[in-house]
A.B. asks: 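Quick one: the structure is below, questions incoming.
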Amino acid sequence: MRYLLTLLGILFVAATFNSCRRDLQLDQDPDAQLLFSRDTIVFDTVFTTVGSTSRIFKVYNTSSKAVNIESIDLAGGSMSPFRINVDGVPLVSTGNILLRGGDSMFVFVDVTLDPNNGTNPLMIEDSIIFYTNGNRQSVILNAVGQDAYFHYREISTCGEIWATDKPHVVFNYVIVPTGCTLTIPAGADVYLHHNSIIAADSAATLLVLGTAASKVKFQGDRLEPEYENEPGQWGYIWLSTLSRNSRIEWAEIKNGTIGVLCDSFGGSANPTVRISNTTIRNMTLAGVFARCSSIEGDNLEIVNCAQYCAAIAYGGSCQFRHCTFGNYWNISNRSTPSVVVNNWYEVDEFTNEVRDLTSANFYNCIIWGDKDNELVLDSITTGGEQFNCVFGYSLIKTDEPTTSFAHFQFNVYNTDPLFTDGYRLSASSPARDIGSSFHAAFVPLDLDGWDRTLGVPDAGCYEQH
């Protein structure tokens with residue numbers, strides 16, 4: 001009896017299905033056409049061997065009746081660098097898809113290009129062809145491919161200088177080994193894959209030597225427009241313990257986790273790194289994170305970071321002149337200041353490790369953002385440890401006590417700098433003409449190349465003109 005009931009159930013479902021199919025009216029007009037949400041799918045520059053993100057378009061049946069799509073074919077077939085997925089099913093070719101009246105379906109497209117060993121971009125084109133009632137329609141697929149130098153878990157050679165005829169793409173890491181130097185010259189474009197880093201090992205040196213006319217650029221390896229300002233796409237530039245005399249000049253560093261991470265426990269007469277004429281932005285942790293290290297920065301624009309524009313942590317030393325630390329991060333909630341200076345860290349719930357902050361000097365700078373307090377001094381000196389910091393001739397947003405001349409000298413406090421065109425100064429900015437000419441003489445030209453020594457200098461990395 002149980003088997004008889006099962007058989008009757010199957011026959012009932014089959015009869016119902018066939019009845020529905022018979023009742024479904026098909027539009028068999030040879031002029032019937034599908035409607036596409038996009039007639040051309042364009043992939044901006046994609047690195048060879050690096051897959052793209054998916055592009056999506058919809059296929060609509062605007063008829064009140066169902067249509068039978070006789071075939072959907074990727075014109076280039078299995079040899080095409082493009083891949084398509086129709087309503088969740090990856091395919092090269094399919095047919096007899098019933099699309100009900102007024103209904104739609106999704107088509108997903110992505111692409112991976114083969115290396116061409118060339119320095120110029122190449123254009124790749126294919127199409128997806130739809131046949132409905134014998135009527136042929138197509139959606140064009142375009143991609144621009146770029147070959148590159150690929151660095152995969154690489155230890156650089158001593159004295160290596162990167163070429164600039166093609167971009168460099170870093171997977172996982174590039175490490176400058178102990179006692180060696182890696183030079184990244186003007187005009188180099190460096191793209192880092194998710195969580196990838198460039199690191200200088202103990203006693204190693206990283207030289208990033210851009211110029212005003214030909215900067216060195218660091219960013220993630222996804223070049224689609226939606227990633228243009230997406231933070232957190234890669235890791236950081238790491239100058240590890242005892243790395244020395246590294247330089248970063250005329251660079252653009254964006255969309256990572258930390259722009260420059262410095263570790264130099266033990267101290268040295270030479271700085272871990274000198275950074276000049278550089279923009280760091282859109283970091284999910286910090287623009288500069290210095291841990292008991294020695295760092296110098298001139299003419300820096302460090303802006304829009306999820307936690308800190310600059311964190312000078314666990315002591316050490318630093319000097320910043322004509323830098324703008326501006327934070328209007330709006331992707332998630334930010335509760336941290338743009339700049340923090342501290343000389344300790346928590347080992348465990350019972351123990352703090354305190355280190356000397358021998359000097360932290362900020363001259364002719366702007367420290368500003370959309371929080372009530374954008375500067376925090378966080379010190380422990382119970383054992384006589386040093387906490388030497390000076391903020392002078394700067395515009396600062398803070399609720400710190402500013403009466404101590406040992407820490408605060410000739411500043412403007414809690415007055416909107418009136419930024420315009422990014423972080424440049426408007427004509428009425430209170431940051432104008434408040435800088436020290438003595439300190440400006442060490443950084444005579446601003447980020448736009450204007451001479452700030454012709455009069456009283458402005459605070460920040462841009463001179464109003």
Side-chain angles (χ1 to χ4, degrees), residues 170 184 186 188-192 195-200 206-212 215-220 227-239 246-263 271-291 293 295-313 318-331 334 336-341 362 364-369 374-375 419 422-424 443 446-448 460-462:
V170 176
I184 305 178
D189 291 327
V190 182
Y191 299 86
L192 296 98
N195 287 336
S196 296
I197 68 171
I198 297 175
L206 175 66
L207 299 178
V208 177
L209 305 179
T211 65
K215 298 177 182 178
V216 178
K217 298 178 182 179
F218 297 86
Q219 65 181 78
Y227 287 90
E228 172 65 25
N229 294 302
E230 181 70 21
Q233 295 179 47
W234 56 281
Y236 40 83
I237 298 170
W238 184 22
L239 306 171
S246 292
R247 287 157 51 201
I248 299 175
E249 300 175 359
W250 289 105
E252 293 181 1
I253 305 170
K254 69 174 187 176
N255 299 343
T257 302
I258 301 173
V260 180
L261 174 62
C262 301
D263 285 306
T272 308
V273 62
R274 291 183 172 95
I275 312 174
S276 61
N277 305 307
T278 289
T279 298
I280 304 174
R281 60 186 174 92
N282 291 352
M283 298 291 154
T284 53
L285 200 159
V288 169
F289 202 125
R291 299 187 292 204
S293 63
I295 183 170
E296 296 179 3
D298 291 330
N299 252 6
L300 306 183
E301 180 185 77
I302 308 179
V303 298
N304 298 347
C305 299
Q307 294 190 35
Y308 311 102
C309 291
I312 309 304
C318 69
Q319 177 171 267
F320 293 95
R321 296 176 295 202
H322 281 290
C323 297
T324 297
F325 306 94
N327 213 345
Y328 290 91
W329 174 268
N330 60 7
I331 297 175
R334 175 176 66 94
T336 48
S338 290
V339 175
V340 63
V341 179
F362 294 73
N364 297 10
C365 293
I366 296 175
I367 301 172
W368 195 261
E374 296 291 2
L375 171 64
F419 291 125
Y423 287 89
R424 292 171 177 82
V443 196
D446 79 348
L447 269 185
D448 287 334
C461 59
Y462 295 107

A.B. asks: Can you find a heavy atom in the side chain of Arg321 that is under 4.5 Å from one in the side chain of Asn364?
C.D. replies: no
A.B. asks: Do Arg424 and Phe419 touch side chain to side chain, with heavy atoms closer than 4.5 Å?
C.D. replies: no
A.B. asks: In Å and rounded to the nearest 0.5 Å, what is the SG to CG distance from Cys365 to Leu375?
C.D. replies: 11.0 Å
A.B. asks: With Val288 as reference, evaluate Ile258, Ile253, Ile302 under the side chain to side chain contact (heavy atoms under 4.5 Å, CB included) test and give the passing residue.
C.D. replies: Ile302
A.B. asks: Using 30° and 60° as the class limits, which term best fits the ring planes of Tyr423 and Tyr328: parallel, tilted or perpendicular?
C.D. replies: tilted
A.B. asks: Determine yes or no for a side-chain-to-main-chain donor-acceptor pair under 3.5 angstrom, with His322 supplying the side chain and Gly460 the backbone.
C.D. replies: yes
A.B. asks: For Gln307 and Thr336, indicate whether the former's side chain and the latter's backbone hold a donor-acceptor pair under 3.5 Å.
C.D. replies: no
A.B. asks: If we ignore hydrogens and angles and just use 3.5 Å, is the side chain of Thr257 paired with the main-chain N or O of Trp234 as donor and acceptor?
C.D. replies: yes
A.B. asks: Could you measure the distance from the NZ atom of Lys217 to the CD atom of Glu252? Nearest 0.5 Å is fine.
C.D. replies: 5.0 Å
A.B. asks: So which atom in Trp368 and which in Ser338 form the shortest heavy-atom distance, rounded to 0.1 Å?
C.D. replies: O-OG, 3.4 Å
A.B. asks: Using 0.5 Å steps for rounding, measure from the NZ atom of Lys254 to the CG atom of Asn304.
C.D. replies: 12.5 Å
A.B. asks: Can you confirm whether Asn229 sits close enough to Arg281 that some side-chain heavy atom of one is under 4.5 Å from a side-chain heavy atom of the other?
C.D. replies: yes
A.B. asks: For a 4.5 angstrom cut-off between non-hydrogen side-chain atoms, does Glu301 reach Tyr462?
C.D. replies: yes
A.B. asks: Is a side-chain donor or acceptor of Ser276 paired with a backbone partner of Asp298 at a separation under 3.5 angstrom?
C.D. replies: no
A.B. asks: Are Cys318 and Ile295 packed together at the side-chain level, in the sense that at least one heavy-atom pair is separated by less than 4.5 angstrom?
C.D. replies: yes
A.B. asks: Can a donor-acceptor pair be found, under 3.5 Å and without considering hydrogens, that links the side chain of Glu296 to the backbone of Pro271?
C.D. replies: no
A.B. asks: For a quick test of reading the model, state the closest non-hydrogen atom pair linking Cys305 to Gly287 and the distance between them.
C.D. replies: SG-N, 3.6 Å
A.B. asks: With a 6.0 Å cut-off on ring centres, are Phe289 and Tyr236 close enough?
C.D. replies: no
A.B. asks: With a 4.5 Å limit on heavy-atom distance, are the side chains of Tyr308 and Pro337 in contact?
C.D. replies: yes
A.B. asks: Could you pull out the closest heavy-atom pair between Ala251 and Val208, with the gap in Å?
C.D. replies: CB-CG1, 4.2 Å
A.B. asks: Hey, could you give me the CG/CG distance between Leu239 and Leu206, rounded to the nearest 0.5 Å?
C.D. replies: 6.0 Å
A.B. asks: Counting C-beta onward and ignoring hydrogens, is there a side-chain heavy-atom pair between Phe320 and Ile312 closer than 4.5 Å?
C.D. replies: yes
A.B. asks: Please check this pair: side chain of Asn255 against backbone of Glu228, looking for a donor-acceptor N/O pair closer than 3.5 Å.
C.D. replies: yes
A.B. asks: Let me confirm one number: the CG-SG distance from Asn327 to Cys309, rounded to the nearest 0.5 Å.
C.D. replies: 4.0 Å
A.B. asks: So how far is it from Ile198 CD1 to Phe218 CZ, rounded to the nearest 0.5 Å?
C.D. replies: 5.0 Å
A.B. asks: Under 4.5 Å between any side-chain heavy atoms of Leu447 and Asn277, yes or no?
C.D. replies: yes
